[in-house]
Number of protein chains: 2
Amino acid sequence: MRKINENEIQKVKLGDVADKAGVSRTTVSRVLNNRGYISDKTRQKVHEAVELLNYQPNEIARSLFIKKTYIIGLIFPTTNNPFYGQLIFHLENICESLGYRVLLCNSQGREDKEKDYLKMLQRHQVDGIIAGAHNRGIEEYNNQHLPLVGIDRYLSKNIPVVSSDNYDGGKKATRLLIDKGCKQIIHINGSPSLETPANLRREAYEDVMKENQFHPRTYIIGDNIIERLFDENPNVDGIFASDDLIAANVIREAKRRNINIPGDLKVIGYDGTETTRILLPELSTIQQPVKEIADLAIKLLMKQINGESESQIEWKLPIKLIKGETT
Amino acid sequence: MRKINENEIQKVKLGDVADKAGVSRTTVSRVLNNRGYISDKTRQKVHEAVELLNYQPNEIARSLFIKKTYIIGLIFPTTNNPFYGQLIFHLENICESLGYRVLLCNSQGREDKEKDYLKMLQRHQVDGIIAGAHNRGIEEYNNQHLPLVGIDRYLSKNIPVVSSDNYDGGKKATRLLIDKGCKQIIHINGSPSLETPANLRREAYEDVMKENQFHPRTYIIGDNIIERLFDENPNVDGIFASDDLIAANVIREAKRRNINIPGDLKVIGYDGTETTRILLPELSTIQQPVKEIADLAIKLLMKQINGESESQIEWKLPIKLIKGETT
DNA sequence: TTGTAGGCGTTATCAC
DNA sequence: GTGATAACGCCTACAA
């Protein structure tokens, strides 16, 4: 960069390199992009000029011309959550290794924000979007001629969804509680109206309960839900929470009520993120294969970006039961 | 968007809107950017055409012309960490409210990655960068004529740094342990060669220990550090960990060794993120004002972006001591 | 009040 | 091998 005057900074551009090297801009471009025939002498002159001026190509101008930004949009509720934090870490990581950058959007589970983000990402000409926000279906996703992948979230009819095997997770969690002798098992989950594959956790819970002649009872996350659960079910002896943070809250409330875990009450969560494993290692949980989910999501997105076809829509990755000390 | 053939999708552009509305591109641009005088009739015609074609301005082309992208680069070690996850959440949030988007970079504490990211962000013409990666000083930050702010991290001589009042935090943590009767207090911290304000936590610890005629002893994070600490200090009765995750690991190891907390050993962490408060609510800790840090960092960055001057370099925000059940 | 023309920094096509 | 030149989609003087 060189200063024009005290306030304005002028970036070095292709033409400056060309002038310095005594060649045309075309030649510089060719050298930098390894295209066509270039004499070694010219190539070297150009490289020297690039070094000397510390030239950085302007990706904006480049993107405009090649109609590709190498930017992927990520729409998730929030990075302030161990599961999404870990997932986004891997997504960004993989993108980086493929030469893509990542535009981050925290939708906070708000439909209006998600729609705005979707528009914004399109205006910025992202090459694709991976979304996992916990919203109801957003019709805007339907008519996008844009590479799209959902994680744990149905976006639209033909958009691939990657998730852990939620049904299997729900089954294993519920069975563990039953095997451990629980008689009154309650499930806590998000609103079933959010059309997410996580609903399968509830379905599995209900199926397994019925198979075993138990009465399923699901509490929907909301204000004071955990206190209410305990108040209304003084004999509850097993709780399957649909994520680890809820499980932690259950454990705290149980402690407050002097309910012994796992003696009087057994608790199992869902997610099994690295953060949870460190902060609450004793929690029994269903661990999602976060990295594998990220890998697959990117793979499916890249297929779309590269115009390759893929007919499978739903992808379920195996979960792992972690037996801790809370069951 | 309209299809040209089966495979190619052509985006709607300004010219298409102009044609549809029967005006020039200039006029459409003026309407959309609210510039100059436009008759109500024309304005309406344009808006109708925009609706009809579902036109989305191409921000890439726009950025190229106005030489501003409204994109901020964020360089942090990883979103897979409660503190950074929460911090990045707030940073993104505030940016969004100001009309800026965020390009996320997980440097993983690797100097090479951080340098690459820095170049990449410049090629993408970001309007500014906020970095908090845990690296040694990277000289590339010196010669950037680019708005820059560090969080808990000295980037370069004249780049503003925002952090919590680490010295005060270290002081309060150490004092709490002393007040609670601990005699052999050990501190665990990252490498002092990382030039981060977090070093002040150690300094404060050492100062307070000396003031009280105690012998300070700091363990540097590394392999099996916690086991070693316990092996080498069987009488340790107080541990001040420089973050909550380490504190959690200490607690786990103590449990494994049947050391009673807080009876035989008192533990205090640092950060006090929302995630920690949920997963490990009993932990005593020093809570950082994460949202305030984010607010201030963005404010300082925007000042630079808008060319306003600001002479203060170091900014320390007040922490809060949380007395839990581990002390 | 609206349109024409030129340029933002890069790349690709076509000459030479 | 290399160099003009015309895009990419948008915005803003300057004209009309």
Side-chain angles (χ1 to χ4, degrees), chain A residues 1-2 4 8-47 49-50 53-71 122-127, chain B residues 1-2 4 8-47 49-50 53-71 122-127:
Chain A
M1 297 190 186
R2 49 167 210 256
I4 292 291
E8 281 200 39
I9 305 287
Q10 190 71 333
K11 298 222 174 90
V12 176
K13 41 195 173 187
L14 199 68
D16 298 329
V17 177
D19 291 349
K20 192 77 170 182
V23 297
S24 73
R25 293 175 307 168
T26 311
T27 303
V28 176
S29 173
R30 272 201 280 252
V31 170
L32 294 178
N33 296 297
N34 262 316
R35 217 143 302 193
Y37 300 99
I38 301 279
S39 76
D40 282 355
K41 209 190 296 173
T42 324
R43 186 185 305 278
Q44 194 169 344
K45 273 194 301 185
V46 170
H47 278 136
V50 165
L53 300 173
N54 187 27
Y55 168 69
Q56 308 272 16
N58 182 329
E59 288 286 337
I60 296 295
R62 203 159 182 276
S63 295
L64 180 60
F65 189 87
I66 66 179
K67 293 173 180 262
K68 185 160 165 60
T69 53
Y70 288 96
I71 294 181
Q122 292 188 99
R123 288 197 306 266
H124 272 275
Q125 317 298 118
V126 296
D127 293 341
Chain B
M1 296 190 187
R2 50 167 209 256
I4 293 290
E8 280 200 38
I9 305 287
Q10 190 70 333
K11 298 222 175 89
V12 175
K13 42 195 174 188
L14 200 68
D16 298 330
V17 177
D19 292 350
K20 192 76 170 184
V23 297
S24 74
R25 292 175 310 167
T26 312
T27 303
V28 176
S29 173
R30 273 202 279 253
V31 170
L32 294 178
N33 296 297
N34 262 316
R35 214 139 305 190
Y37 300 99
I38 300 280
S39 75
D40 283 354
K41 208 191 293 172
T42 321
R43 186 184 304 278
Q44 194 169 346
K45 271 194 301 185
V46 170
H47 278 136
V50 166
L53 300 173
N54 187 27
Y55 170 68
Q56 307 273 16
N58 182 329
E59 287 288 334
I60 295 295
R62 204 161 182 275
S63 294
L64 180 60
F65 187 87
I66 64 179
K67 292 174 182 264
K68 185 161 166 57
T69 53
Y70 289 96
I71 294 182
Q122 292 187 99
R123 287 198 306 266
H124 271 276
Q125 316 298 117
V126 297
D127 293 340

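These numbers come from the heavy atoms of this one structure, side chains and all, not from hydrogens, waters or symmetry mates. Below, chain A is the first sequence line, B the second, and so on; all start at residue 1. The shown structure was predicted, so the numbers you read here are calculated from the model rather than taken from an experiment.
- Residues passing the salt bridge (charged side-chain N to carboxylate O under 4.0 Å, His left out) test with Lys67(B), sequence neighbours excluded: none.
- For Ile60(B) and dC8(D), the CD1 to P distance is 16 Å, given to the nearest whole Å.
- Considering only side-chain N and O atoms, Lys67(A) lies under 4.0 angstrom from the phosphate OP1 or OP2 of dG9(D).
- The nearest whole Å value for the distance from the NE2 atom in His124(A) to the C1' atom in dC10(D) is 14 Å.
- Contact of the Val31(B) side chain with the Lys45(B) side chain is not registered, since no non-hydrogen atoms from C-beta on lie closer than 4.5 Å.
- Contact check for Val50(A) versus Val46(A): side-chain heavy atoms found under the 4.5 Å cut-off.
- Within the 4.5 Å cutoff, the side chain of Asn58(B) has no heavy atoms near those of the Arg123(A) side chain.
- Taking the side chain of Lys13(B) as heavy atoms from C-beta on, and the options dG3(C), dG9(D), dA4(D), the nearest nucleotide is dG9(D).
- Contact annotation: the side chain of Glu59(B) never approaches that of Ile71(B) to less than 4.5 Å [non-hydrogen atoms, C-beta and beyond].
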Under 3.5 Å between N/O atoms: give me all the protein pairs with nucleotides 11-14 of chain C, atom names plus distance.
unit_1: dT11(C); atom_1: OP1; unit_2: Asn33(A); atom_2: OD1; d: 3.4
unit_1: dT11(C); atom_1: OP1; unit_2: Asn33(A); atom_2: ND2; d: 3.1
unit_1: dT11(C); atom_1: OP1; unit_2: Arg62(A); atom_2: NE; d: 2.6
unit_1: dT11(C); atom_1: OP2; unit_2: Ser29(A); atom_2: OG; d: 2.9
unit_1: dT11(C); atom_1: OP2; unit_2: Asn33(A); atom_2: ND2; d: 3.4
unit_1: dA12(C); atom_1: OP1; unit_2: Arg35(A); atom_2: NH1; d: 3.1
unit_1: dA12(C); atom_1: OP2; unit_2: Arg35(A); atom_2: NH1; d: 3.3
unit_1: dA12(C); atom_1: N6; unit_2: Thr26(A); atom_2: OG1; d: 3.3

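- Whole-Å rounding puts the Asn34(B) CG to dC11(D) P distance at 12 Å.
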* To do: Represent DNA chain D in dot-bracket notation, 5' to 3'. Only Watson-Crick or G-U wobble pairs with both distances under 3.5 Å count; pseudoknot-style crossings use [ ] and interstrand partners use |.
  => ||||||||||||||||

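- Using a 4.0 Å heavy-atom criterion, one finds that Thr42(A) contacts the sugar-phosphate atoms exclusively.
- In this structure the side chain of Lys20(A) reaches within 4.5 angstrom of the side chain of Leu53(A), judged on heavy atoms.
- One atom, CD of Gln44(A), and another, C1' of dT2(D), lie 18 Å apart when rounded to the nearest Å.
- With no hydrogens or angles considered, no side-chain donor-acceptor pair links Thr26(B) and Ser29(B) at under 3.5 Å.
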* To do: For side chain to side chain contact (heavy atoms under 4.5 Å, CB included), just list the numbers for Arg62(B) and Asn33(B), CA-CA rounded to whole Å, side-chain angles, deciding distance to a tenth of an Å, and then say yes or no.
  => CA-CA 11 Å; Arg62(B) 204 161 182 275; Asn33(B) 296 297; 3.1 Å; yes

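- Protein atom CG of Asp16(A) is 12 Å distant from nucleotide atom P of dC8(C), rounded to whole Å.
- Side-chain contact between Val17(B) and Val23(B) is absent, with no heavy-atom pair separated by less than 4.5 Å.
- Among the protein residues, Leu64(B) comes within range of the nucleic acid bases, having at least one heavy atom under 4.0 Å from a base atom.
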